[in-house]
Amino acid sequence: MEIGFYNYGTIDNKNLKFAIIFSMYKDKYVFVKTKKRGTWEMPAGHREPGEDINITASRELREETGAKRFTILPVNDYSVKISESSTYGRLFYANIKEFNNLADKEIEEVKLFDALPDKLSYPKIQSVLFEKILKAHKPIELN
């Protein structure tokens with residue numbers, strides 16, 4: 001498996017299938033646990049047909065965490081290559097200011113962490129994305 005990083009906007013929006021959102025709340029990392037997998041992951045999701053990937057990121061953050069008020073910024077485009085097949089996505093940084101009740105029935109729990117949690121859904125991918133954003137954007141407070 002290979003993970004590649006590209007400047008924001010390098011990959012055409014129609015080829016971006018996933019939005020992954022590195023999220024913070026009060027200096028803590030926000031992770032979600034899905035009922036299906038029972039493991040921790042950054043809020044993320046698939047782009048709906050015809051949806052701009054930036055809209056996907058905001059929608060998924062609301063749905064998966066219950067975020068009500070937040071600032072979200074695109075950081076990098078990325079690729080994951082397994083064998084000869086590559087998929088593309090965009091990595092985002094979000095600072096959550098306020099939560100609503102969780103509406104997504106797929107999410108079992110939203111939890112705050114001081115570090116990358118154990119038992120990640122996709123450890124080989126999410127750990128690399130997590131480290132990439134820490135190096136590129138030390139957690140910052142966005143107004």
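If you're wondering where the values come from, they're calculated on a predicted model, not measured in any experiment.
Counting heavy atoms from C-beta outward, V30 and F70 have side chains that stay 4.5 Å or more apart. For the pair F5 and V128, the minimum side-chain heavy-atom distance is below 4.5 Å. For the pair W40/K33, a side-chain contact is recorded, criterion being any heavy-atom separation below 4.5 Å from C-beta on.
Checking side-chain atoms of N76 against main-chain N and O of Y6 turns up a donor-acceptor pair under 3.5 Å. Within the 3.5 Å criterion, the main-chain N or O of A44 finds a donor-acceptor partner in the side chain of E64. S83 places no side-chain N or O within donor-acceptor distance of the main-chain N or O of S85, the cut-off being under 3.5 Å. Judged by distance alone, with hydrogens and angles left aside, the side-chain atoms of Q126 form a donor-acceptor pair with the main-chain N or O of M42 at under 3.5 Å.
In plain terms, the two heavy atoms of T56 and H46 that are nearest each other are CG2-O, 3.5 Å. Counting all heavy atoms, side chain and backbone alike, F92 lies closest to A19 at CE1-CB, 3.8 Å. Residues I21 and A94 approach most closely at CG2-CB, 3.5 Å, considering heavy atoms.
The aromatic rings of F31 and F113 sit perpendicular, their planes meeting at an angle over 60°, well past the 30° parallel limit. By the 30° and 60° cut-offs, the orientation of the rings of F22 relative to F130 is tilted.
For residues 12-24, the set of pairs meeting the side-chain hydrogen bond (donor to acceptor under 3.5 Å, both in side chains) definition, not counting sequence neighbours, is empty.
Figure legend: K132 and Y78 shown without cation-pi pairing, the cationic atom not lying both under 6.0 angstrom from the six-membered ring centre and within 45 degrees of its axis.
Interatomic distance, I72 CD1 to Y93 OH, rounded to the nearest 0.5 Å: 11.5 Å. The CG atom of L16 sits 10.5 Å away from atom OG of S79, with the distance rounded to the nearest 0.5 Å.
R90 meets the side-chain hydrogen bond (donor to acceptor under 3.5 Å, both in side chains) test with N54, D77; sequence neighbours excluded.
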